[in-house]
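Data first, discussion second: the structure below is written as structure tokens.
Quick note: numbers below take in every heavy atom, side chains included, and nothing from hydrogens, waters or symmetry partners. Both ligands and their constituent atoms are indexed starting at 1 by order of listing.
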Amino acid sequence: MLHDITPRITSELKVFPGDTPPSREVLLDIDRGDHITLSTLRGTVHLGAHVDAPSHYTPGGDSIEAFPLDRVLGPCQVVDVSGAIIETEEGRLVVSGPWIEGLETPRVLLRTGTHPDPDRWSEDFAGLSAPLVEELAERGVLLVGIDTPSVDPPSSKALPAHQAFARTGVSILEGITLAAVPEGRYELIALPLPLEGFDASPVRAVLREVSS
Ligand SMILES: [Zn+2]
């Protein structure tokens, strides 16, 4: 059985303030008598479920065509961290890590529940702390996925979590929808397009149930 953890891409899908929402320009339309339907997509590459390239957050980082696909293909674990969210001194919401002891896979998908509707922008979603990213890296985690638009809370310009991902080389999958997925182990499939020079790519992220 497959769980689709990709939000639907519509003109309603919310992107970071200032980023480009998705839109469709119809060049030809069978229903208007054209011989085919043909349309152009315009929008940020950080669209819905997407993988960030290191070039998005670190100088000289690889762009998305060089992304190692084995990061987003293989055993993963969905963990509900909604009970592990704390507020920092600066008033930012971050995930803390008591659940780390139960990790068994090199990919972990975190359900914070703090950005429940991809079509409604809200500023108060939870991110990750730099020490948490470093601890995950020490435990051999290669990829962290999160059900929010970013691993850093939106008010943060310093991007401490992204910087920790840059230091450790752990990869980032953002914008997935995990509300309907039970905790546990799955096979993750979330391949980015080889968009040369780009800083991210949308993915169709799915979880395949594994027999235990
Ligand atoms: Zn992103």
Inset, instruction - Please name the pair of heavy atoms, one in V170 and one in V141, separated by the smallest distance, quoted to 0.1 Å. - result: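 Answer, listing the atom of V170 first, then V141: CG2-O, 3.4 Å.
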
Closest non-hydrogen atoms of L110 and L178, given as atom of the first, atom of the second and distance, are O-CD1, 3.5 Å

Answer key: the N, O or S atom of E174 nearest to the Zn ion (ligand 1) is OE1

- Message: Please name the atom of H46, limited to N, O or S, that comes nearest to the Zn ion (ligand 1).
- Response: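 Minimum-distance N/O/S atom of H46 relative to the Zn ion (ligand 1) is ND1.
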
One should read off an interatomic distance between T148 OG1 and D124 CG, to the nearest 0.5 angstrom, of 11.5 Å

N, O or S of H56 under 2.8 Å from the Zn ion (ligand 1)
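Under 2.8 Å: H56 has no N, O or S contact with the Zn ion (ligand 1).
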
| message | Tell me whether the Zn ion (ligand 1) has D52 as a neighbour, meaning an N, O or S atom of it below 2.8 Å. | response |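 So D52 does bind the Zn ion (ligand 1) by this criterion.
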
Legend entry - Plane angle bin for F16 and F125 - parallel if under 30°, tilted between 30 and 60°, otherwise perpendicular: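 F125 and F16: perpendicular rings.
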
